[in-house]
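Given the structure is predicted, the values throughout are model-derived calculations rather than measurements. For ligands, and for the atoms within them, numbers begin at 1 and follow the listed sequence.
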Amino acid sequence: MTTVYQAQDAAHHVHPFTDTAQLNQKGSRVITRAEGVYIYDEAGHKILDGMAGLWCVGVGYGRDEIVDAVAAQMRELPYYNAFFQTTHPPAAILAERLARLAPQQMNHVFFTGSGSDANDTVVRMVRHYWASQGQPDKQVIISRKNAYHGSTMAGASLGGMGAMHGQGGLPIPNIVHINQPYWYGEGGTQDPNEFGLARARELETKILELGVEKVAAFIGEPIQGAGGVVIPPASYWSEIQRICDKYQILLIADEVITGFGRTGEWFASQYYGIKPDLMPLAKGLTSGYLPMGAVLISDRVFDVIANHGEFYHGYTYSAHPAACAAALSVLDILEREQLVTRVKNDIGPYMQERWLKLAEHPLVGQARMVGLIGGLELSPNKAQREPFKVERGTVGLIGRENSFANGLVMRHVGDTMIISPPLTISYREVDELINKAQKTLDDTYQKAATLGYLD
Ligand SMILES: *Cc1c(COP(=O)(O)O)cnc(C)c1O
């Protein structure tokens, strides 16, 4: 039965990243409210949101104090811009506070409306940085295949999603991609750390191939999120840092997902011990309560761009006062409830222990998790890490549908199941999540067996 919302939606709402014809055959799931780690649909189903929305709702749903802070700000000053030499209190306070939380070398911030915008800013800032120093040919940004950096022209170009590049003539010029550090899928019989080093060294090979005088920067997500929660081997990031240092190219850590406690540190750059020059942020910054992104800027980059005249770049909603107020309120909660340390020392280790045990399931080739971000590789032959013989993502999609039916939002990327719950999740809710994931694996195993996908 189609509800009124579903009918309106099907008639007029074009969804992001969606096969519209396919969706409209069955109708959208209508989510009407949320509280804590749970969302509720129109039919009244209570679903544990194992994805924190789209990786963003770190502090959980139903936080009146964020709502109140935003309402108060909107009564005081709902909008003013930061162009033309003006600012407002929430922008100034948030900039100072982010600089304090950020890694030591980062003391400045540029505000954007989203993570994609932040990556557009990054592309322009990086090129402006080199041009300002008389090296306008240093334009190339090296990224990785299967990276996700957003969906604007620059974001999708930086990203390494072939399907996205196939639509709209991407990537834009001077963005190139090397291989990702995805040991489970691409590491074969190599030792993970050997593999991690080899993949990092592709950066050096690429720099030498292009000529260092052409290369501006390297960009990577510390842990690839949308690409399937690819956690790189321990050897990877230190080698990337070494290569960036050696050739003096900028290091960009896209922390849109990994920022604000997801890994048990404020930023995953701290988890991996790297020192980025630019750090795009979004998602957890406002916990999704309002849209906002930002780029944290190192002193090295700031000192150049701040002293070379006007940077012709900005968004109407850069440093939107209400979004700043939401971010400040989220930071209050993260600090007061010590959610980052909680992920590192308390709920994180508990969830990791339970999640990693799912690897014992006959359908699971690997379970991995850092902080509260994890993945499960589904395989018909776990010992060999074999893919299914049906089209990639077929079994993963069955898994996602089963998960929803079991009252758990768990996404799939290909045949990898992924999870990224609110940082506030309780022990009891972790148990519930694991039990539902377990049942989902059982159901998916059954269905895959029935369809002959396990042969
Ligand atoms: C989600 C995401 C983006 C894009 O952010 P939007 O707010 O959707 O534009 C960029 N980078 C990473 C790593 C992301 O996960």
Side-chain angles (χ1 to χ4, degrees), residues 15-18 51-58 110-126 141 143-161 164-165 168 170-172 175 177 180-182 217-232 237 240 251-263 267-269 271-272 274 276 278-296 315 317-320 323 326-327 330 370-375 411-413 416 418-421:
H15 290 232
F17 282 98
T18 295
M51 285 304 298
L54 212 40
W55 320 88
C56 47
V57 191
F110 186 94
F111 290 111
T112 73
S114 72
S116 300
D117 292 358
N119 279 311
D120 278 56
T121 296
V122 157
V123 171
R124 297 204 46 203
M125 197 176 277
V126 158
I141 301 178
S143 178
R144 287 101 49 90
K145 292 176 188 162
N146 196 39
Y148 188 79
H149 297 296
S151 195
T152 52
M153 294 293 278
S157 295
L158 289 172
M161 305 284 182
M164 290 176 75
H165 292 171
L170 301 178
I172 57 173
I175 292 175
H177 300 83
Q180 57 177 335
Y182 179 31
F218 172 79
I219 184 169
E221 307 152 81
I223 292 171
Q224 287 155 261
V229 184
V230 176
I231 299 172
W237 276 109
I240 290 285
L251 174 57
I252 307 156
D254 183 341
E255 296 236 23
V256 168
I257 287 177
T258 53
F260 302 100
R262 181 57 56 197
T263 64
F267 301 98
S269 294
Y271 181 85
Y272 285 114
I274 54 171
L278 293 165
M279 201 188 268
L281 301 171
K283 297 192 172 124
L285 170 61
T286 53
S287 260
Y289 278 67
L290 281 177
M292 180 177 225
V295 180
L296 288 178
Y315 307 106
Y317 299 129
S318 285
H320 191 285
V330 166
V370 163
L372 286 181
I373 180 169
R411 244 177 90 185
H412 80 110
V413 175
T416 311
I418 58 176
I419 207 92
S420 172

Could you tell me, atom by atom, which parts of ligand 1 come under 4.0 Å of a heavy atom of [X]?
{"X": "Tyr148", "result": "1 (C), 2 (C), 3 (C), 11 (N), 12 (C), 13 (C), 14 (C)"}
{"X": "Ile257", "result": "15 (O)"}
{"X": "Ser114", "result": "7 (O), 9 (O)"}

Run the side chain to side chain contact (heavy atoms under 4.5 Å, CB included) test on Asp254 and Tyr148 for me, step by step, so that the C-alpha distance in whole Å, both residues' side-chain angles and the decisive distance to 0.1 Å come before the verdict.
CA-CA 9 Å; Asp254 183 341; Tyr148 188 79; over 6 Å; no
Side-chain donor-acceptor pair present, Tyr315, Thr121, cut-off under 3.5 Å:
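There is such a pair between these side chains.
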Who pairs with Tyr182 by side-chain hydrogen bond (donor to acceptor under 3.5 Å, both in side chains), at least two apart in sequence or on another chain?
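By the side-chain hydrogen bond (donor to acceptor under 3.5 Å, both in side chains) rule, Tyr182 matches Glu377.
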I want to know if ligand 1 touches [X] in the polar sense, i.e. an N/O pair below 3.5 angstrom.
{"X": "Ser116", "answer": "yes"}
{"X": "Lys283", "answer": "yes"}
{"X": "Asp254", "answer": "yes"}
{"X": "Ala282", "answer": "no"}

Only one of Ile219, Ile141, Thr112, Thr152 clears side-chain contact (heavy atoms from CB on, under 4.5 Å) with Asn119; which?
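For Asn119, the side-chain contact (heavy atoms from CB on, under 4.5 Å) test succeeds with only one of Ile219, Ile141, Thr112, Thr152, which is Ile219.
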Take Ile240 and Leu251 through the side chain to side chain contact (heavy atoms under 4.5 Å, CB included) test and state the conclusion after the steps.
CA-CA 9 Å; Ile240 290 285; Leu251 174 57; 4.1 Å; yes
When you look for heavy atoms under 4.0 Å from ligand 1, do you find them on the side chain of [X], its backbone, both, or neither?
{"X": "Trp55", "result": "neither"}
{"X": "Asn119", "result": "side chain"}
{"X": "Glu221", "result": "side chain"}

Which residue holds the protein heavy atom closest to atom 7 (O) of ligand 1, what is that atom called, and what is the gap in Å?
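Looking at atom 7 (O) of ligand 1, the protein heavy atom closest to it is Gly115 N, 2.9 Å.
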Please state which protein non-hydrogen atom is closest to atom 10 (C) of ligand 1 and give its distance, to 0.1 Å?
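Going by distance alone, atom 10 (C) of ligand 1 is nearest to His149 C, 3.4 Å.
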CE of Met51 to CD1 of Ile419: how many Å apart, nearest 0.5 Å?
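The distance works out to 7.5 Å.
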Test side chain to side chain contact (heavy atoms under 4.5 Å, CB included) applied to Thr263 and Tyr272, step by step
CA-CA 10 Å; Thr263 64; Tyr272 285 114; 5.9 Å; no
Pick out which of Gln224, Arg144, Glu221, Lys145 makes a side-chain hydrogen bond (donor to acceptor under 3.5 Å, both in side chains) with Gln180.
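With Gln180 as partner, side-chain hydrogen bond (donor to acceptor under 3.5 Å, both in side chains) holds for just one option, Gln224.
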